[in-house]
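What follows is a single structure, written as structure tokens, with notes after it.
Every chain is numbered from 1 and lettered A, B, ... according to where its sequence line falls, protein lines coming before strand lines.
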Amino acid sequence: MLDKNGIAKRIAREVQDGYYVNLGIGIPTLVANYIPEGMHVVLQSENGILGMGPFPVEGTEDADLINAGKQTVTLLPGSSIFDSAMSFGMIRSQKVNLTILGAMEVSEFGDIANWKIPGKMVKGMGGAMDLVASAKNIIVAMQHVNKAGESKLLPKCELPITGLRCVKKIVTELAVLDVLPQGGFKLLERAPGVSVEQIVKATAGKLIVEGDIPEMVL
Amino acid sequence: MLDKNGIAKRIAREVQDGYYVNLGIGIPTLVANYIPEGMHVVLQSENGILGMGPFPVEGTEDADLINAGKQTVTLLPGSSIFDSAMSFGMIRSQKVNLTILGAMEVSEFGDIANWKIPGKMVKGMGGAMDLVASAKNIIVAMQHVNKAGESKLLPKCELPITGLRCVKKIVTELAVLDVLPQGGFKLLERAPGVSVEQIVKATAGKLIVEGDIPEMVL
Amino acid sequence: MINRSVKNAEEAIAGITDNMTLLVGGFGLCGIPENCINALVQSGVKGLTCISNNAGVDDFGLGLLLQNKQIKKMISSYVGENAEFERQMLSGELEVELIPQGTLATRALAAGYGMPVIYTPAGVGTEVAAGKEVRNFNGKDYLMEYAFDADFAIVKAWKGDTTGNLVFRHTARNFNPLMAMAGKITIAEVEELVEPGQLDPDHIHTPGIYVHRIFKGQVFEKRIEQRTVIKR
Amino acid sequence: MINRSVKNAEEAIAGITDNMTLLVGGFGLCGIPENCINALVQSGVKGLTCISNNAGVDDFGLGLLLQNKQIKKMISSYVGENAEFERQMLSGELEVELIPQGTLATRALAAGYGMPVIYTPAGVGTEVAAGKEVRNFNGKDYLMEYAFDADFAIVKAWKGDTTGNLVFRHTARNFNPLMAMAGKITIAEVEELVEPGQLDPDHIHTPGIYVHRIFKGQVFEKRIEQRTVIKR
């Protein structure tokens with residue numbers, strides 16, 4: 001079973017040299033910590049940065065320099081700043097290679113719900129609907145089951161959806177799964193110490209298990 | 001009867017303090033020479049300048065600094081440079097207060113033809129179709145009759161049109177005329193030494209002459 | 001050159017009256033027009049519709065107008081971190097329209113560029129699509145979204161000149177150039193107001209033609225919402 | 001940082017093959033990708049469709065490709081000042097599609113911003129409207145125009161860094177940032193190629209994400225088409 005950092009570490013292996021990557025809030029943000037040295041990756045923050053760097057050293061933080069999570073950040077050499085129309089322009093025109101974000105639910109067709117729980121205060125979708133509608137490669141980082149122990153990998157999303165048929169891959173504390181175009185979660189890897197049976201039990205949507213499922217390498 | 005500079009001088013009187021103005025090629029370009037000292041006007045060039053200045057002093061011309069007529073120009077203090085999408089964006093959103101351009105024909109409904117003569121080499125419309133379709137205030141500077149002696153103020157354009165119902169005012173070597181929304185050229189002023197009869201004779205479209213027509217003041 | 005400078009925030013907001021629609025620049029608390037917001041609080045203008053990515057926090061930014069019940073409706077993409085907002089929203093005092101962040105940005109761009117509508121895939125198949133035209137281009141569905149139509153825009157820039165040219169600093173750019181282009185009347189507050197010729201024409205983010213009133217803000221608190229740092 | 005620099009124009013244009021569609025930056029002879037054009041002449045690639053505001057002059061710019069009969073079709077707003085162009089057009093060797101300048105710019109913007117179509121009033125009621133959807137918004141008619149869909153874009157910038165960030169100088173900006181955004185593969189030639197960190201992030205006109213190959217041009221003639229000066 002993986003912790004949050006383990007999920008982030010596993011997702012980092014999906015990042016390729018030369019990628020422009022947009023990281024959502026939460027576990028996705030941690031992925032930046034596990035991108036191998038020497039791999040050239042540029043982080044996009046949808047409020048208007050390419051080439052986002054780490055948090056600033058105490059005392060150097062700048063109110064004019066924040067990320068999409070409103071956290072103070074830094075700029076790396078080669079970075080650029082642009083307005084929000086251009087930022088979503090490059091997202092919409094699929095120049096960003098990989099989008100990693102969290103989810104409350106994912107359906108076996110790749111629908112995602114991650115912005116609204118009926119009856120609770122709704123804060124808004126921010127840039128999530130734009131990202132999921134546009135990105136060609138979306139990986140979801142999330143827990144396999146919710147706090148009530150119910151699966152978040154469902155035949156159909158029950159919460160209001162954020163986008164249709166967009167999630168390509170899911171990494172949870174238990175497994176790595178592809179979402180197949182024709183529907184279904186194809187099990188690719190088990191987390192260390194996790195059995196296929198555990199994953200079957202935790203997955204409410206159609207799970208496809210073919211042959212031996214290797215344990216993931218981190 | 002006015003010469004080209006006279007037409008430009010008369011049009012300059014239509015320019016108001018605080019205006020952003022786009023000047024077409026030919027007579028319209030000359031209008032810049034007659035804007036009164038102390039009047040604050042900003043010239044827009046649709047290839048991407050606000051605050052265009054006069055031609056450069058010999059030896060200081062810069063290949064990277066031209067106007068929409070491809071002539072070398074200068075920048076005035078307070079100028080700005082932008083790309084062609086923003087340039088036509090500000091034209092389309094009617095931020096440019098006044099557009100002055102030449103024409104081959106204008107109809108009594110304000111249709112304009114100024115880009116194409118069938119059978120002759122067609123060079124293209126450049127930015128003219130965008131300008132006439134978007135500008136809220138368009139003044140045409142042209143000769144009242146063509147080289148064959150035929151009126152260019154017509155009931156209907158015979159040449160391929162550039163835009164519909166867009167011209168608000170016309171200044172020729174003979175007269176100043178408003179184009180009425182309901183159709184018709186309303187005669188406002190005669191050029192020095194020109195009689196109403198001369199203007200009637202040179203105007204093929206519906207001409208409206210009401211009361212005394214004053215001679216223009218330059 | 002045209003001079004579009006005004007004395008202060010009070011003079012700048014003249015003409016903003018009850019029930020108007022305002023476009024407001026900023027992302028979170030970054031790059032918000034603090035001085036204009038404070039002047040609006042002082043003016044007591046009511047029934048405002050504010051189009052802004054966020055709604056400030058309880059005691060800063062648009063939160064101040066909310067506290068004072070001057071806002072009737074918010075059109076935003078994300079409105080967390082604001083208890084009074086939540087209270088007014090849940091009680092029905094405040095109308096809230098949530099729209100995707102890229103849609104918000106592009107509807108402002110459309111207004112500034114004279115495009116009546118834009119098509120975006122954001123929100124297709126979701127409740128955001130309710131009542132909107134869906135159209136398929138090249139096998140993909142898009143929603144038709146209208147350009148914003150607002151009375152005033154208030155934005156904040158780093159530097160500006162008296163002709164209205166604006167330069168933004170780092171991510172304080174965000175929605176500011178877009179809201180500036182989209183306003184029928186655009187008001188810009190700047191940290192530094194200079195004479196024409198002091199800004200490089202090639203570095204101007206918002207040309208002065210889009211800015212109708214400009215002034216040097218009296219105070220810029222520039223509050224940080226999430227101070228995240230690495231220990232020395 | 002990602003390194004997108006290539007050695008020279010020859011390496012940069014690799015993969016441009018017969019019958020492809022190219023977006024080409026520049027206005028008149030100002031800000032044209034001279035080095036790429038020269039390399040394309042050398043390459044002998046044929047049947048090109050070029051989307052460019054103008055078509056160069058007889059012996060410079062795209063005129064060189066025309067002389068060499070490498071262009072099948074031009075999509076432009078204005079094509080004067082070119083005798084060979086005129087000859088090929090009148091003889092039917094060269095196909096020409098004339099479109100309004102703002103439409104040209106905005107169709108490129110649309111491609112770069114992932115918008116399938118835009119609406120513009122330019123050309124309504126004219127022969128440009130033939131076969132196009134006309135739609136009325138707020139009492140005004142607009143034409144629906146499609147985003148460009150081109151294989152490559154070739155642009156010219158003043159400065160660039162190895163990650164592909166571009167800065168343009170004066171009116172040599174023109175269509176260059178738009179064509180750069182619109183290309184599936186975008187090639188930029190620059191007068192000065194610097195290391196990441198040497199360009200101010202706030203001054204970058206085209207972020208490197210839109211630029212796939214960048215190189216320092218060998219020679220920039222930067223010819224002036226209409227030298228208009230005031231005598232000393």
Given a strict heavy-atom distance threshold of 4.5 Å, which part of Val132(B) is in contact with chain D: side chain, backbone, both, or neither? neither
Residue part contacting chain B, namely of Glu97(D), when any heavy atom lies under 4.5 Å: neither
I would like to know whether Met89(D) and Met121(B) meet side-chain contact (heavy atoms from CB on, under 4.5 Å); could you show each step before the answer? CA-CA 9 Å; Met89(D) 182 174 163; Met121(B) 167 67 186; 4.1 Å; yes
What's the verdict on side-chain contact (heavy atoms from CB on, under 4.5 Å) for Asn176(D) and Asp83(B), showing C-alpha distance, side-chain angles and the deciding distance? CA-CA 8 Å; Asn176(D) 279 302; Asp83(B) 68 39; over 6 Å; no
How long is the span from the CD1 atom in Ile66(B) to the CD1 atom in Ile224(D), to the nearest 0.5 Å? 9.0 Å
How long is the straight-line distance from CD1 of Ile81(B) back to CZ of Phe168(D), given to the nearest 0.5 Å? 13.0 Å
Heavy-atom closest contact (Pro56(B) atom, Thr228(D) atom, distance): CD-O, 3.2 Å
Could you tell me if Ser84(B) and Arg173(D) have a donor-acceptor pair between their side chains, going purely by distance under 3.5 Å? no
Tightest non-hydrogen contact, residues Gln101(D) and Gly127(B), listed as OE1-N, 3.1 Å
Quick check on Thr162(B) against chain D: is it the side chain, the backbone, both or neither that has a heavy atom closer than 4.5 Å? backbone
Most contacts with chain D, counted as non-hydrogen pairs under 4.5 angstrom, among Ala113(B), Ala68(B), Gly163(B): Ala68(B)
One thing to verify: whether Asp64(B) and Arg169(D) come together as a salt bridge, which I'm taking to mean a side-chain N less than 4.0 angstrom from a carboxylate O. yes
Can you establish whether the number of heavy atoms outside Leu180(B) located under 6.0 Å from its atom CG is more than 12? yes
Nearest 0.5 Å, please: how far is CD1 in Ile230(D) from CD in Glu61(B)? 11.0 Å
Between Asn67(B) and chain D, with a heavy-atom cut-off of 4.5 Å, which part of the residue counts as in contact: side chain, backbone, both or neither? backbone
Side chain, backbone, both or neither: which part of Phe55(B) has a non-hydrogen atom closer than 4.5 Å to chain D? both
Scored by heavy-atom pairs under 4.5 Å with chain B, the best of Ala172(D), Gly31(D), Pro100(D) is Pro100(D)
Val96(D) versus chain B, the contacting section by heavy-atom distance below 4.5 Å: neither
Provide the closest heavy-atom pair for Ala133(B) versus Pro121(D) in the form atom of the first, atom of the second, distance. CB-O, 3.3 Å
Rounded to the nearest 0.5 angstrom, the CG-NZ distance for Asn82(D) and Lys123(B) is 10.0 Å
Heavy atoms of Thr171(D) and Leu65(B) approach each other most closely as OG1-CA, 3.3 Å
Should we say atom CD of Gln182(B) is surrounded by more than 12 heavy atoms from elsewhere, each under 6.0 Å from it? yes
Answer yes or no: is there an ion pair linking Glu58(B) with Lys231(D), defined by an N-O contact shorter than 4.0 Å? yes
If you take all heavy atoms of Ala85(B) and Ala105(D), which pair is closest and at what distance? N-CB, 3.7 Å
Scored by heavy-atom pairs under 4.5 Å with chain D, the best of Gly126(B), Ser79(B), Ser87(B) is Gly126(B)
Heavy-atom pair with the smallest gap, counting every atom of Asn54(D) and Lys70(B): ND2-NZ, 3.4 Å
Could you walk me through whether Asp62(B) and His170(D) pass the side-chain contact (heavy atoms from CB on, under 4.5 Å) check? CA-CA 9 Å; Asp62(B) 184 336; His170(D) 299 350; 3.7 Å; yes
Quick one: pull up CZ in Phe88(B) and CG in Leu104(D) and give me the separation to the nearest 0.5 Å. 9.0 Å
If you count heavy-atom pairs under 4.5 Å between each of Asp141(D), Leu109(D), Ile99(D), Leu90(D) and chain B, which one has the most? Ile99(D)
Quick check against the 3.5 Å criterion: does Asn174(D) have a side-chain atom that pairs as donor or acceptor with the backbone of Asn47(B)? no
So does Met1(B) have more than 12 non-hydrogen atoms from other groups sitting under 6.0 Å from CE? no
CD-CE distance between Glu127(D) and Met125(B), expressed to the nearest 0.5 angstrom: 7.0 Å
Greater than 12 external heavy atoms within 6.0 Å of Lys9(B)'s NZ: no
